[in-house]
Amino acid sequence: YRKKCTELGIKQARGMFVLFEQYFEEEEHIKKLHLHEELGPKGIQALSEALTEIGYKHVESIRLWECNIGDEGVLPLAKFLEVNQTVGTLDLLRNKITSVGCDYLGRVLGTNSVCPVKILHLDHNPIGSAGVDKLADGLAQNKNLVTLSLTQCCLDEKCASAISRILVYIESKVKEVERR
């Protein structure tokens with residue numbers, strides 16, 4: 001991670017120092033990547049690429065709150081999720097993700113996905129109904145997702161058909177869709 005930050009010309013996230021300290025003190029794998037600080041697209045790129053390159057297989061939960069990753073940061077995160085078989089929770093609260101980022105997520109969580117995400121929270125991102133449509137393109141064939149939260153995502157009545165595409169899939173396990 002440090003090497004990737006140096007390559008990209010950015011500072012390391014303070015939250016990652018804390019996680020690394022816990023890892024070295026407790027000698028346990030980092031299972032929760034829970035950060036609430038400015039990372040930006042390059043910060044999540046550094047983290048995602050580092051985890052992918054070392055083949056890190058222990059992350060069970062990714063929670064990035066107000067990290068400002070945007071659509072540009074969703075792409076490297078999606079690439080990590082493409083090869084990851086352990087992340088069950090993905091929570092991207094207030095990250096300025098639009099329909100473009102939803103397209104990346106929809107593809108990585110689609111039909112042939114190895115990523116077992118069961119809980120997906122995209123609350124407070126301006127994804128709009130176009131974003132839900134992009135998500136539905138992949139999630140309509142997803143066998144793992146149980147909870148999808150889209151609270152305060154600039155949605156209108158047009159997203160109803162996209163949400164129904166997710167719910168009507170015969171193997172869908174979705175039990176809860178939050179949309180306010």
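Since the model is a prediction, treat every value here as computed from it, not as a measurement. We're numbering straight along the sequence, starting at 1.
Put simply, the side chain of Asp123 gets close to the backbone of Thr151: a donor and an acceptor are under 3.5 Å apart. Judged by distance alone, the side chain of Glu38 and the main-chain N or O of Asn68 form no donor-acceptor pair under 3.5 Å. Between the Asn125 side chain and the Leu92 main chain, a donor and an acceptor come within less than 3.5 Å of each other. Listed for the Tyr104 side chain is no donor-acceptor partner under 3.5 Å among the backbone atoms of Lys79. Using modelled atom types, no side-chain atom of Thr147 and backbone atom of Glu176 make a donor-acceptor pair closer than 3.5 Å. A donor-acceptor pair is defined here as one N or O able to donate and one able to accept, closer than 3.5 Å; such a pair exists between the side chain of Asn142 and the backbone of Leu109. Not a single donor-acceptor pair under 3.5 Å links the side chain of Gln12 to the backbone N or O of Tyr1. Lys173 places a side-chain N or O within 3.5 Å of a backbone atom of Lys143 that can act as its donor or acceptor partner. Asn95 places no side-chain N or O within donor-acceptor distance of the main-chain N or O of Gly70, the cut-off being under 3.5 Å. Panel note: side chain Asp156, backbone Lys158; a donor-acceptor pair is recorded below 3.5 Å.
By the 30° and 60° cut-offs, the orientation of the rings of Trp65 relative to His36 is perpendicular. Between His58 and Tyr56, the ring planes lie perpendicular to each other; the angle is over 60°, past the 30° to 60° tilted range.
Taken from CG in Asp103 to NZ in Lys134, the straight-line distance is 5.0 Å, to the nearest 0.5 Å. Note that CG of Leu120 and CG of Asp91 are 8.5 Å apart. Values are rounded to the nearest 0.5 Å. One distance of note links CZ of Phe80 with CG of Leu75; it measures 14.5 Å at 0.5 Å rounding.
Residues Ser61 and His34 share a closest heavy-atom pair of OG-NE2, 2.7 Å. Between Leu122 and Cys153 the shortest heavy-atom distance is O-SG, 3.1 Å. When every heavy atom of Ala162 is checked against every heavy atom of Ala136, the shortest pair comes out as O-CB, 3.4 Å.
Side-chain contact check for Val83 versus Val114: every heavy-atom pair is 4.5 Å or farther apart. In this structure, Lys32 and Glu60 have side chains that are not in contact, with every pair of non-hydrogen atoms separated by 4.5 Å or more. Looking at Leu139 and Leu105, their side chains never come closer than 4.5 Å, going by heavy atoms from C-beta outward. Counting heavy atoms from C-beta outward, Ile69 and Pro41 have side chains that stay 4.5 Å or more apart. Side chains of Ile62 and Thr89 form no contact here, defined as non-hydrogen atoms less than 4.5 Å apart. Looking at Ile127 and Leu155, their side chains come closer than 4.5 Å, going by heavy atoms from C-beta outward. Looking only at side-chain heavy atoms (C-beta outward), Gln85 and Cys115 stay at 4.5 Å or farther from each other. At least one side-chain heavy atom of Leu81 sits under 4.5 Å from a side-chain heavy atom of Val87.
For the residue pair Glu49 and Gln45, a side-chain donor N or O sits within less than 3.5 Å of a side-chain acceptor on the partner.
Following chains of ILVMFWY side-chain contacts shorter than 4.5 Å, one can reach Leu167 starting from Leu145, so the two form part of one hydrophobic cluster. Both Ile54 and Leu19 sit in one connected hydrophobic cluster of ILVMFWY residues. Membership requires side-chain heavy atoms under 4.5 Å apart, directly or through other members. Note on Leu148: it does not cluster hydrophobically with Val146, by side-chain heavy-atom contacts below 4.5 Å among ILVMFWY residues. Leu64 and Val18 fall into different hydrophobic clusters, where Ile, Leu, Val, Met, Phe, Trp and Tyr residues are linked whenever their side-chain heavy atoms come under 4.5 Å apart, directly or through other members. Under the 4.5 Å side-chain contact rule for hydrophobic residues, Leu150 and Ile119 do not share a cluster.
Phe20 CZ: more than 12 foreign heavy atoms inside a 6.0 Å radius. For Glu27, the CD atom counts as loosely surrounded, since its 6.0 Å shell holds 12 or fewer non-hydrogen atoms of other residues, nucleotides or ligands. Heavy atoms from other residues, nucleotides or ligands lying under 6.0 Å from CD of Glu66 number more than 12.
Arg165 pairs by the salt bridge (Lys or Arg N to Asp or Glu O under 4.0 Å) definition with Asp133, Asp137, not counting sequence neighbours.
We find that Glu53 and Lys4 are joined by a salt bridge, their nearest charged nitrogen and carboxylate oxygen being less than 4.0 Å apart.
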